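Read the numbers this way: they start at 1 and go in the same order the structure lists the ligands and their atoms. Since the structure is predicted, the reported quantities are computational estimates derived from the model, not experimental observations. Note that the numbering runs from 1 along the sequence shown for the chain.
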Amino acid sequence: MISDQESNWQHSVVSEVTFRGRHFYVKRDDLLRPFPGNKARKIEGLLQRDWRRIERLVSHGGAQSNAMLALARLAAHKGIGFDYHTRKLPGWLRQNPTGNLQSALAFGMRLIESDTGQPPSAEPRTLFVPQGIAMPEAETGVARLAREIRQFADAQGLSAMTVFLPSGTGTTALYLQKHLDFVVATTPCVGNAAYLRRQLSVLEPDPARHPVIYEAPFKHVFGKPDRASFAIWQALQNETGITFDLVYDPPGWRVLLSSPLTPPILYIHCGGVEGVASQLARYRRLFGQSLCR
Ligand SMILES: *Cc1c(COP(=O)(O)O)cnc(C)c1O
């Protein structure tokens with residue numbers, strides 16, 4: 001169950017792992033309760049707003065988005081409608097929704113497909129949530145994540161630490177940097193560094209307050225299965241025992257390992273594990289059964 005009360009959100013734990021011979025702390029937001037992932041962090045502020053005049057949430061984005069699933073949960077919890085706009089689905093997915101799409105529809109989400117995937121302009125009594133929940137309300141929950149990290153560092157006696165996480169909209173990295181005096185470093189998983197900087201500037205015009213951005217030294221298309229991503233995902237699973245997400249974490253870890261960053265490093269596991277089964281199915285369709293156990 002989702003709760004609106006701050007006291008009902010629990011701290012996520014930190015794991016210590018060795019990967020490719022190097023030491024990392026991993027902040028386990030994949031295990032965050034009452035529900036997992038950085039999208040849970042991002043909707044905490046929305047939960048606390050005044051809902052009396054809102055009858056419907058409206059948002060848009062990809063058909064397997066983690067933000068979509070979090071908003072579907074939020075709308076079901078508030079007992080309001082949720083219209084989600086996306087581009088035309090492939091026929092097999094429309095006939096047989098899987099993964100996050102299946103779960104979000106089960107929460108009562110109304111899916112609206114169109115050529116552009118864009119929502120209509122503002123309507124009364126609706127709350128529009130930008131793609132990826134890239135909005136000022138996301139700051140509340142991310143500020144709490146920053147406090148948890150600060151407490152962890154204090155308890156470990158760490159006076160300096162680098163915090164690393166992969167970015168989509170960059171909202172999580174941006175607000176973490178705002179609320180932490182440690183260096184926050186990230187990499188763009190959607191588009192390049194220039195695109196990420198533009199996204200960050202919408203919420204924070206001063207570039208001096210942005211996180212540090214490392215661009216991938218390899219080619220990567222958002223959400224598209226590739227063998228290097230699968231290899232590092234599986235190596236992470238084998239060496240650390242942790243299941244990571246298959247969209248953001250493989251480029252995230254590849255960039256982190258190739259970066260000049262030195263320990264102590266805290267990697268933020270931003271969740272997304274609910275989407276792994278449907279991603280693995282895509283990998284199998286593309287690369288064959290032999291790729292995946
Ligand atoms: C959304 C998401 C991100 C990126 O978060 P932003 O705040 O949009 O940068 C990273 N990892 C996972 C698993 C996500 O779901």
Side-chain angles (χ1 to χ4, degrees), residues 12 26-32 35-46 59-74 99-101 103-104 129-146 163-180 184-193 195-204 210-216 220 222-223 229 232-233 236 242-256 266-279:
S12 65
V26 180
K27 178 73 171 160
R28 302 296 302 276
D29 268 11
D30 56 318
L31 304 177
L32 185 65
F35 74 95
N38 74 338
K39 302 308 179 294
R41 300 280 187 188
K42 288 167 93 170
I43 67 166
E44 188 183 328
L46 279 174
S59 191
H60 64 116
Q64 291 292 9
S65 144
N66 295 328
M68 171 192 75
L69 178 54
L71 291 172
R73 278 197 174 107
L74 172 65
N100 288 353
L101 179 60
S103 308
V129 177
Q131 182 164 9
I133 322 177
M135 67 201 302
E137 285 87 339
E139 184 170 349
T140 307
V142 177
R144 186 224 292 280
L145 170 59
V163 175
F164 188 94
L165 73 162
S167 276
T169 64
T171 310
T172 309
L174 178 75
Y175 288 135
L176 260 187
Q177 184 66 91
K178 180 168 174 185
H179 291 274
L180 268 180
V184 175
T186 190
T187 187
C189 298
V190 183
N192 59 12
Y195 168 84
L196 181 58
R197 278 205 183 83
R198 279 200 302 280
Q199 288 274 103
L200 295 173
S201 299
V202 174
L203 292 170
E204 172 54 68
H210 290 178
V212 177
I213 299 174
Y214 291 102
E215 200 154 29
H220 171 257
F222 181 68
S229 286
I232 197 158
W233 179 84
L236 280 160
I242 299 173
T243 300
F244 283 89
D245 144 85
L246 258 165
V247 177
Y248 295 92
D249 287 323
W253 277 100
R254 288 177 72 196
V255 169
L256 173 55
L266 179 112
Y267 185 94
I268 303 192
H269 190 326
C270 291
V273 178
E274 302 108 308
V276 163
S278 61
Q279 277 289 324

Quiz item: Any side-chain heavy atom of Lys42 sitting closer than 4.5 Å to one from Thr169?
Solution: yes
Quiz item: Do Ile268 and Asn38 have side-chain heavy atoms sitting under 4.5 Å apart?
Solution: no
Practice problem: Check each atom of ligand 1 against the heavy atoms of Ser167 and keep those under 4.0 Å away; list them by number with element. | Solution: 9 (O)
Quiz prompt | Contact atoms of ligand 1, heavy-atom distance to Pro166 under 4.0 Å | solution = 4 (C), 10 (C)
Quiz item: Which one holds for Asn66 and ligand 1: side chain close, backbone close, both close, or neither close, with close meaning a heavy atom under 4.0 Å?
Solution: side chain
Exercise. Show the numbers, then the answer: is there a ring-ring contact (aromatic ring centres under 6.0 Å, His included) between Trp253 and Phe244?
Key: CA-CA 10 Å; Trp253 277 100; Phe244 283 89; 5.6 Å; yes
Quiz item: Nearest to atom 13 (C) of ligand 1 by heavy atom, Gly271, Gly61, Pro188: which?
Solution: Gly271
Self-check item: Nearest neighbour in protein (non-hydrogen) for atom 7 (O) of ligand 1
Solution: Thr172 OG1, 2.6 Å
Quiz item: Backbone N or O of Tyr214 within a donor-acceptor pair of the Thr187 side chain at under 3.5 Å?
Solution: yes
Quiz item: Identify the closest protein heavy atom to atom 12 (C) of ligand 1: which residue and atom is it, and at what distance?
Solution: Tyr248 CD1, 3.3 Å
Quiz item: Are any of the N/O atoms in Gly170 less than 3.5 Å from those in ligand 1?
Solution: yes
Practice problem: Could you tell me whether Lys39 sits above the aromatic face of Tyr248, with NZ or CZ closer than 6.0 angstrom to the six-membered ring centre and within 45 degrees of the axis? | Solution: yes
Exercise. Please work out whether any backbone atom (N, CA, C, O) or any side-chain heavy atom from C-beta onward of Leu165 is under 4.0 Å from ligand 1, and answer side chain, backbone, both or neither.
Key: neither
Quiz item: Is a side-chain donor or acceptor of Thr186 paired with a backbone partner of Ala173 at a separation under 3.5 angstrom?
Solution: no
Practice problem: Only heavy atoms count here, so choose which of Lys39, Lys42, Arg41, Gln131 is nearest to atom 14 (C) of ligand 1. | Solution: Lys39
Self-check item: Check: Asn38 N/O within less than 3.5 Å of ligand 1 N/O
Solution: yes
Quiz item: N/O to N/O below 3.5 Å, does that happen between Gly168 and ligand 1?
Solution: yes
Quiz item: If we only count heavy atoms from C-beta on, is the Val142 to His179 side-chain gap below 4.5 Å?
Solution: no
Self-check item: Ligand-residue contact atoms, ligand 1 with Thr171, heavy atoms, under 4.0 Å
Solution: 7 (O), 9 (O)
Practice problem: Using a 4.5 Å cut-off on heavy atoms from C-beta on, say whether the side chain of Glu274 contacts that of Pro36. | Solution: yes
Quiz item: Which ligand 1 atoms does Thr169 reach within 4.0 Å, using its non-hydrogen atoms?
Solution: 6 (P), 7 (O), 8 (O), 9 (O)
Practice problem: Decide yes or no for Ser12 and His269: does some side-chain heavy atom of the first lie under 4.5 Å from some side-chain heavy atom of the second? | Solution: no
